Amino acid sequence: MDKAGKTKFQVDLRRHLREHNVEDNLTHLICEIAEASKYIIHSIRTGDLGVAGTSNLYGEKQLALDVLADRILRKRLDHSRVVANMMSEEMDYIIPVSPDWEGKYSVAFDPLDGSSLVDVNLAVGTIVAIFPGCDILRPGREQVAAMYILYGPRTTLVYSVGDGVHEFGLNSLMEYTLLQEDITLKPKGAIHSPGGLRNLYTPGVETYLHTLEKHGSKLRYSGGFVPDINQVLLKKGGVFFYPHLKDKPDGKLRLLFELNPMAFLIEQAGGAASNGKQPILDIMPQQIHQCSSVFIGSKEEVALAQELIRKHEGATEPSLKKGVAAVTSS
Ligand code: AFP
């Protein structure tokens with residue numbers, strides 16, 4: 001029986017961050033993003049694109065959901081007083097917020113990933129990467145925190161500050177309270193989410209998918225990165241991949257806004273994330289909207305992808321050997 005006042009459901013997000021001794025500005029930042037998500041969920045649920053962006057707030061006519069989600073999040077970060085620079089998947093440039101970046105953070109985010117799925121009533125999400133200071137164009141390994149909010153049958157929030165991965169649920173009082181802590185992936189799972197057209201798969205990726213199916217891995221693909229990763233995480237194993245394709249050598253997903261934050265969370269949960277050659281978190285970004293192929297989830301499935309790509313497509317870069325060693329040794 002839980003001690004009085006200590007029942008799990010009363011641990012809200014801010015209290016959990018405090019209990020994990022998370023620095024005040026970072027605690028405030030994560031809570032501000034959580035607050036913004038409540039306006040985004042209201043817009044999605046009501047389809048009232050004017051919510052929070054009601055014309056009086058922005059003084060503008062109603063907007064497409066992802067553009068509105070972008071505005072809601074940017075305004076919140078702008079007023080947070082703890083952000084130096086920010087970058088949205090909806091924008092083509094870095095948005096400076098505060099010149100004095102001492103003790104502040106820089107944030108890269110996808111305000112509403114999978115927005116096209118809202119029309120067909122499927123789950124979508126907000127993805128956030130947090131870096132210390134003012135620089136954002138840097139390897140994902142330098143993140144100090146990452147989080148996503150999943151707008152599905154329930155609204156949940158998953159975060160890590162490098163001290164485990166924790167899940168919260170939005171309750172009827174519109175508070176995020178703790179559901180589970182220290183989520184950990186098994187080395188091998190039983191589900192796979194294969195993105196991209198199969199007839200554009202390269203030999204290594206085709207062999208990989210075939211091998212997963214042969215091993216009895218079940219197909220689970222929603223078309224939304226956030227719900228698909230959430231499934232791998234909460235089922236404690238499996239793999240999501242959106243690989244390099246014959247017509248898209250870098251796949252489809254964005255390194256800075258989608259892959260870095262999810263790779264940070266999955267590695268924190270004991271899994272791995274690779275572009276087929278090296279860990280996602282070690283990739284030095286060259287430009288804002290850079291895409292990368294991705295294999296992310298349980299370590300064994302990710303290592304298998306690297307092995308089969310190396311075997312069938314050869315080591316194109318010296319980092320390949322280092323990458324394989326890094327994933328399978330860590
Ligand atoms: P949209 O934002 O265009 O719906 O794309 C969603 C997404 O970025 C990611 O959430 C999915 O995993 C992936 O693209 C789906 O791509 P396909 O439509 O090619 O399967």
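Both ligands and their constituent atoms are indexed starting at 1 by order of listing. Here the structure is a predicted model, which means the values were calculated and not measured. Computed over heavy atoms, backbone and side chain alike; hydrogens, waters and symmetry mates excluded.
Among all protein heavy atoms, the one lying closest to atom 11 (C) of ligand 1 is G223 O, 3.2 Å. Residue, atom and distance of the protein heavy atom nearest to atom 8 (O) of ligand 1 are E258 OE2, 3.2 Å. Looking only at heavy atoms of the protein, atom 12 (O) of ligand 1 is closest to F225 N, 3.3 Å. With respect to atom 4 (O) of ligand 1, the closest heavy atom belonging to the protein is S116 OG, 2.6 Å. At the shortest separation from atom 2 (O) of ligand 1 among protein heavy atoms lies G114 N, 3.3 Å. Nearest non-hydrogen protein atom to atom 20 (O) of ligand 1 is Y221 OH, 2.6 Å. With respect to atom 19 (O) of ligand 1, the closest heavy atom belonging to the protein is Y242 OH, 2.7 Å. Atom 10 (O) of ligand 1 has as its closest protein heavy atom D113 OD2, 2.5 Å.
Residue F240 has no nitrogen or oxygen atom sitting less than 3.5 Å from a nitrogen or oxygen atom of ligand 1, judged on distance alone. For a threshold of 3.5 Å applied to N or O pairs, the pair formed by V226 and ligand 1 contains no separation below that value.
Counting only distance, with no hydrogens or angles, the side chain of H28 and the backbone of S80 share a donor-acceptor pair below 3.5 Å.
For H16 and Y176, the ring centers sit 6.0 Å or farther from each other. Under the 6.0 Å cut-off for aromatic ring centres, F240 and F225 qualify, their centroids lying closer than that. Ring to ring, F295 and Y242 are not that close: their centroids are 6.0 angstrom or more apart.
In this structure, G224 is part of the shell of residues with a heavy atom less than 4.0 angstrom from ligand 1. Taking 4.0 Å as the cut-off, L253 counts as a neighbour of ligand 1 on heavy-atom distance.
The heavy atom nearest to atom 3 (O) of ligand 1, out of those in R254, E89, K252, is found in K252.
With salt bridges taken as basic N to acidic carboxylate O contacts below 4.0 Å, none links R310 and E307. The existence of a salt bridge linking E89 and R74 is excluded, since no basic side-chain nitrogen approaches an acidic carboxylate oxygen closer than 4.0 Å. The pair E267-R141 meets the salt-bridge criterion, with a side-chain N (NZ, NE, NH1 or NH2) lying under 4.0 Å from an Asp/Glu carboxylate O.
One side chain, H289 or R254, offers a donor N or O that lies under 3.5 Å from an acceptor on the other.
S160 pairs in a side-chain contact (heavy atoms from CB on, under 4.5 Å) with only one of the listed residues (M147, Q143, Q268), which is Q268.
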